[in-house]
Participant: 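Got a structure for you, written out below as structure tokens; questions coming shortly.
Here the structure is a predicted model, which means the values were calculated and not measured. Lettering follows sequence order; numbering is per chain, from 1.
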2 protein chains.
Amino acid sequence: MITVSTSNEAYHHGNLRDALLAAGLSALEGAEGKAPSLRELARAVGVSPTAVYRHFPDKHALDKALALEGLQLLGQEQAEAAAKVGGGSAGFAETGRAYVRFALAHPALFRLMFTQGEPIEHAGHADPARELLTANTRALAGDPEKAETLALQAWSIAHGLAMLMLDGRIPADDALIERMLDTRSLFPQSG
Amino acid sequence: MITVSTSNEAYHHGNLRDALLAAGLSALEGAEGKAPSLRELARAVGVSPTAVYRHFPDKHALDKALALEGLQLLGQEQAEAAAKVGGGSAGFAETGRAYVRFALAHPALFRLMFTQGEPIEHAGHADPARELLTANTRALAGDPEKAETLALQAWSIAHGLAMLMLDGRIPADDALIERMLDTRSLFPQSG
DNA sequence: GACCCTATGTTTACAGCGTTCACTTTAACC
DNA sequence: GGTTAAAGTGAACGCTGTAAACATAGGGTC
């Protein structure tokens, strides 16, 4: 999704925006990642702070672009995880585990993804993680209203668990994730 | 929990700490509240920024103290809500609704309460909201391990719902809260 | 009642932040 | 090949949290 030129110069043509996003993601990724400042990213890319404003109206826009990248990544990892167990009800449960694993693996990025005020929207096509969720629940529950409730409940519990673990309220323990996201005990009406 | 003197002066004696916390809470409370800066609070209280450092080692310590106040408030509101419906299983469900309602009523405060790194601890006695939770689940589930799982699941779903609503991912709708936190469908093994 | 000590405040200063403005460079086009 | 618009620079502003040196006031002791 991001392409950076190999030439060390010529930022003067086209790729500053992507270079900034790449620098931002690499600052955010990893368990020790933290939200980078605008000036920090400009430095990392070898450009003056104000150059950033040629590509983003303000810091918030930069953050939103980074959040969008994060959402794509999350959706991707979830889809892969679900595919690995063969989809269906097991795949649904797996997307939940992948969600929490993603949050724990990229805490700063995950936080950024959800702190941007409005939900992020790529021009036209929406959040892939969310699309996956609604597709899964529609397949599991017959009634569409039941499906939506199930989707939001599943999302809430995964998100809450992720947040509470990130915030140090609940030990970030793999076995605990397993126990908490047991769909059979949680949502007995489905699957 | 916080007491502020009525005299407009004499901060030189005793109450700057409490005055700062009061100013902080009033900045945080309300739907439009935002996290106040240290200097902002110093200004509000009529004191130089560095005076704050006589009472808190750094900004983070001030934030933690504010978070602690928030946790007390939350626990209080939950207990009241549960008492109003007469405790028991209905009371348990009510604490969940109160949790989400609190988050929506005081977004900035709620965020602050959970972004302080380590869980907050008042010297000795712990988070009242959490005590209420474990007491409730122990009463509902016989097996203590089942009770703990239930507690963490209930916490996660309430917290996740609150966060997703605060972040604009899910409409902050009262009827939706009701539907999402329906304990009978969520945790059929209990109550 | 004078004295000193400690708690609590002030002033000044520094580096970093996001952002604005005026200016310069550069690549592309007729 | 000169013009123009896009994409960069540099200096500056007000904000932030924080450190260091200094001022002041109140309480306890002689």
Participant: Can you check whether any acceptor in the base of dT11(C) is under 3.5 Å from a donor in the side chain of T50(B), or vice versa?
Facilitator: yes
Participant: Quick one: is H60(A) getting a side-chain N or O under 4.0 Å of the dG18(C) phosphate, OP1 or OP2?
Facilitator: no
Participant: With nearest nucleotides of DNA chain C determined for P57(A) and E40(A) from heavy-atom distances, which residue corresponds to the more 5′ nucleotide?
Facilitator: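 Its nearest nucleotide lies further toward 5', so the answer is E40(A).
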Participant: If you check the R39(B) side chain, which of dG8(D), dT16(D), dC17(C) turns out closest?
Facilitator: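 The answer is dT16(D), which lies nearest to the side chain.
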Participant: Rounded to the nearest Å, what distance is computed from the NZ atom of residue K59(A) to the C1' atom of nucleotide dC15(D)?
Facilitator: 15 Å
Participant: Report the distance from atom CG of L41(B) to atom OG of S26(B), rounding to the nearest 0.5 Å.
Facilitator: 8.5 Å
Participant: The side chain of S48(B) is closest to which nucleotide in this list: dT10(C), dA7(D), dT9(D)?
Facilitator: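 Shortest atom-to-atom distance from the side chain points to dT10(C).
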Participant: Please state how far atom CG in L38(B) lies from atom P in dT16(D), giving the value in whole angstrom units.
Facilitator: 9 Å
Participant: Which listed nucleotide (dG9(C), dC17(C), dT9(D)) is nearest to the side chain of R54(B)?
Facilitator: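 Side chain of R54(B) sits closest to dG9(C).
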Participant: Relative to the ring of H159(B), is the ring of F110(B) parallel (under 30°), tilted (30 to 60°) or perpendicular (over 60°)?
Facilitator: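 Correct class here is tilted.
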Participant: Would a distance-only check, ignoring hydrogens and angles, find a side-chain to backbone donor-acceptor pair under 3.5 Å from R130(A) to R169(B)?
Facilitator: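 Confirmed, R130(A) side chain pairs with R169(B) backbone.
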Participant: Can you tell me how far P of dT11(C) sits from OH of Y53(B), to the nearest Å?
Facilitator: 17 Å
Participant: How many whole angstroms separate atom CZ of R17(B) from atom P of dG9(C)?
Facilitator: 13 Å
Participant: Whole angstrom is fine here: how far is it from CZ in R43(B) over to C1' in dG14(D)?
Facilitator: 11 Å
Participant: For a salt bridge (Lys or Arg N to Asp or Glu O under 4.0 Å) with R101(B), tell me which candidate from E178(B), E94(B), E77(B), E80(B) qualifies.
Facilitator: E94(B)
Participant: If you check the A51(A) side chain, which of dG9(C), dT9(D), dT19(C) turns out closest?
Facilitator: dT9(D)
Participant: Output the rounded distance in Å from CG (L16(A)) to C1' (dG8(D)).
Facilitator: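 In whole Å, dG8(D) C1' lies 9 Å from L16(A) CG.
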Participant: Looking at R179(A), I'd like to know if its CZ atom is crowded, meaning that more than 12 non-hydrogen atoms belonging to other residues, nucleotides or ligands lie closer than 6.0 Å.
Facilitator: yes
Participant: Taking atom P of dA20(D) as reference, at what distance in whole Å does atom CG of D58(B) sit?
Facilitator: 14 Å
Participant: Whole angstroms only, please: what is the CZ-P distance between F56(B) and dG17(D)?
Facilitator: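 Taking CZ of F56(B) and P of dG17(D), I get 14 Å after rounding.
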Participant: Using a cut-off of strictly less than 4.0 Å, decide whether H55(A) has a side-chain nitrogen or oxygen near OP1 or OP2 of dG8(D).
Facilitator: yes
